> 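Handing you this structure, nothing more for now.
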Amino acid sequence: MALLPRNAKAGMEGVDKEKMQRIVYETSKGSKYFENEEKKEALLRQKIENMRAQRAKLSAADLSHYQTVADRRILELEATRDLSRIWLHADMDAFYAAVETLSNPSLKGKPMAVGGMSMISTANYEARRFGVRAAMPGFIARKLCPELIFVPTDFKKYTHYSELTRKVFEKYDPNFMAASLDEAYLDITEVCKERSMSGGEIAEELRKCVNEETGLTCSAGVAPNRLLAKVCSDINKPNGQFVLTNDRMAVMTFIFSLPIRKIGGIGKVTEHILRDAFGISTCEEMLQKGGLLCALFSHSTADFFLSVGLGIGRTDTPQVSSRKSISSERTFSATDDETLLYQKLADIAEMLCTDMKKGGLCGRTLTLKLKTASFEVRSRAVTSEKYFSSSEDILKYASKLLKAELPISLRPTLVSFQ
DNA sequence: TACATACAC
DNA sequence: TATGGTGTATGTA
């Protein structure tokens, strides 16, 4: 059985979820994609079995040792808790879909998705009631909702509206952090102080201002750190907000009942592992099983899990770091025609080169990413002594990597790291 | 460094 | 008919 869609959202009361899942399953079943997903799930189950076995091997002495490690680490993390800042996470509601509705008001009230038959970027709330989701292929969405209207993506438009929202964010925090076109983190500590307003009042005003400037709605979360603010912005979505006060007890009460999947950085796989190998579903259980986590995960991963259990997150504003990689990838229908594969490779190399020139970037490591006809993903890399940026160099290294993989039926991609 | 995974949007 | 593209982080060998 396939795993649940990754964003089974609220607002779905009175909806036949079983019927939706059956439609998704029936539509996917038997496809190459589906078979690959099953293979991946089998590997995950294997991994979970391995972790259970490792867990069972721990002696009483091991357990008490790791409990001590966890207890000490929890104290150290607690000492770093910072309740002095107020963070706001702003998240535009169904952003791409909302922008498209602004430019075509006849879409209002109708189920609509931005994207095409192979992939959907965003669905409006009317479409979500049918189970239509971001990252769902359009042909499945249409089975769920035959009336669904498809609108092609138009990034220029979304970038324009994104800039309008950022002009508003800037007024509340000149150093705000843009997380994507439709999300941002703002440290509103100073503006709250200067204007003697609460975080909630600032959030109300900011959302009103965003709406006046763009005609779009957003939701906001206000909390003592970014990790919590992000969780909070999802609680009263759409067009709502939620405030978590800067109080240790309030934070602990809030975080303890929270399902781990709500935390940014904990996805489908981690949720599955923690639940099936350790019986952890809530953040409180992260703390309770801290010893096991310290025994079986790396230092940094265990630290992350424990800090989640404590509701501790980043409160600093990191300076914008330079980017670490640039890539260009295209998926096309599978072929084993080598001439055609080299032609596709040359096209992608050209696109990558154009982007690198635009950004004034060059790289030393080139990674060729290959998607096989059966949806397996492989990557092959080379590092050269000197930096390169010309399409000839890119194609030279990429062709060499591709040649070593032939014959193969592919749908490729290109990545260059610097 | 090479490769695979996980995650976010 | 048909399951994306871009970037970051991390674990492991």
Side-chain angles (χ1 to χ4, degrees), chain A residues 2 5-7 24 27-37 40 43-44 47 89 91-92 94-96 114-122 133-143 150 152-153 155 158 162 178-185 227 230 234 261 263-274 296-304 318 320-334 348 351-352 355-356 359 361 364-371 373-385 401 404-405 411-418:
Chain A
R6 77 165 201 274
N7 40 5
V24 173
T27 314
S28 286
K29 195 180 53 170
S31 67
K32 290 261 193 280
Y33 173 83
F34 189 82
E35 282 170 20
N36 188 247
E37 287 298 295
K40 280 172 15 190
L43 279 174
L44 180 56
K47 188 174 172 184
H89 180 247
D91 193 341
M92 302 302 294
F95 184 54
Y96 299 173
V114 175
M117 278 310 137
S118 44
M119 191 52 63
I120 283 175
S121 302
T122 314
R133 290 282 176 279
M136 175 182 273
F139 67 92
I140 292 181
R142 201 171 52 179
K143 291 235 164 154
F150 287 87
T153 50
F155 277 97
Y158 315 143
S162 181
S180 65
L181 285 181
D182 70 325
E183 278 183 38
Y185 293 92
L227 180 126
K230 164 98 175 147
D234 197 49
R261 188 64 171 83
I263 302 292
I266 297 184
K268 194 178 72 174
V269 172
T270 309
E271 175 189 38
H272 199 164
I273 291 174
L274 289 178
L296 294 176
F297 289 93
S298 74
H299 213 79
S300 68
T301 305
D303 256 20
F304 170 64
V320 269
S321 58
S322 63
R323 80 149 123 192
K324 296 176 174 134
S325 74
I326 182 165
S327 67
S328 187
E329 53 184 271
R330 289 294 171 268
T331 301
F332 45 82
S333 46
I348 298 170
M351 289 188 273
L352 180 58
D355 288 351
M356 287 173 80
L361 300 165
R364 276 184 67 216
T365 300
L366 183 102
T367 303
L368 175 70
K369 182 170 151 189
L370 307 167
K371 247 191 228 175
S374 54
F375 286 87
E376 243 179 283
V377 177
R378 299 177 201 167
S379 69
R380 297 288 178 260
V382 279
T383 300
S384 81
E385 282 100 75
L401 291 171
E405 300 299 312
R411 323 130 57 83
T413 260
L414 254 189
V415 189
S416 163
F417 287 94
Q418 61 172 349

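Treat the numbers as computed from the prediction; the structure is a model and nothing was measured.
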> For A/Leu181 and for A/Leu43, find the nucleotide of DNA chain B with the closest heavy atom, then tell me which residue's nucleotide is more 5'.
A/Leu43
> Check every atom of B/dA2, C/dT6, B/dA8 against the side chain of A/Ala381 and return the nucleotide holding the closest atom.
B/dA2
> Select one nucleotide: of C/dT6, C/dT3, B/dA4, the one nearest the side-chain heavy atoms of A/Lys369.
C/dT6
> Which nucleotide, B/dA6, B/dA2, C/dT3, lies nearest any side-chain atom of A/Thr365?
B/dA2
> Using Watson-Crick or G-U wobble pairs with both distances under 3.5 Å, give me DNA chain C in dot-bracket, 5' to 3', with [ ] for crossers and | for pairs to another strand.
....|||||||||
> The side chain of A/Ala135 lies closest to which of these nucleotides: C/dG4, C/dG7, B/dT1?
C/dG4
> Among the candidates C/dT3, B/dC7, C/dT10, find the nucleotide nearest to the side-chain atoms of A/Val269.
B/dC7
> Choose from C/dT10, B/dC3, B/dA6 the nucleotide whose nearest atom is closest to any side-chain atom of A/Lys47.
B/dA6
> Select from A/Ser298 and A/Arg142 the residue whose nearest nucleotide in DNA chain C is closer to the 5' end of that strand.
A/Arg142
> Between C/dT3, B/dT1, B/dC7, which nucleotide has the shortest distance from any of its atoms to the side chain of A/Arg364?
B/dT1
> Between atom CG in A/Leu401 and atom P in B/dT1, what is the gap in whole Å?
15 Å
> Would the base of C/dT6 count as contacting A/Ser328 through its side chain, where contact means a donor and an acceptor less than 3.5 Å apart?
no
> Just how far, in rounded Å, is P of B/dA4 from CG of A/Leu44?
18 Å
> Using the side-chain heavy atoms of A/Ser379, tell me which of these nucleotides is nearest: C/dT3, B/dC3, C/dG4.
B/dC3
> Have A/Ser31 and A/Ser28 got a donor and an acceptor in their side chains that come within less than 3.5 Å?
no
> Checking contacts here: which listed nucleotide (B/dA2, C/dT3, B/dA4) is nearest the side-chain heavy atoms of A/Arg380?
B/dA4
> Which residue lies toward the 5' end of DNA chain B, A/Ser384 or A/Lys40, if each is placed at its nearest nucleotide?
A/Ser384
> Hey, which of these two, A/Thr301 or A/Ser321, hits DNA chain C nearer its 5' end, going by closest nucleotide?
A/Ser321
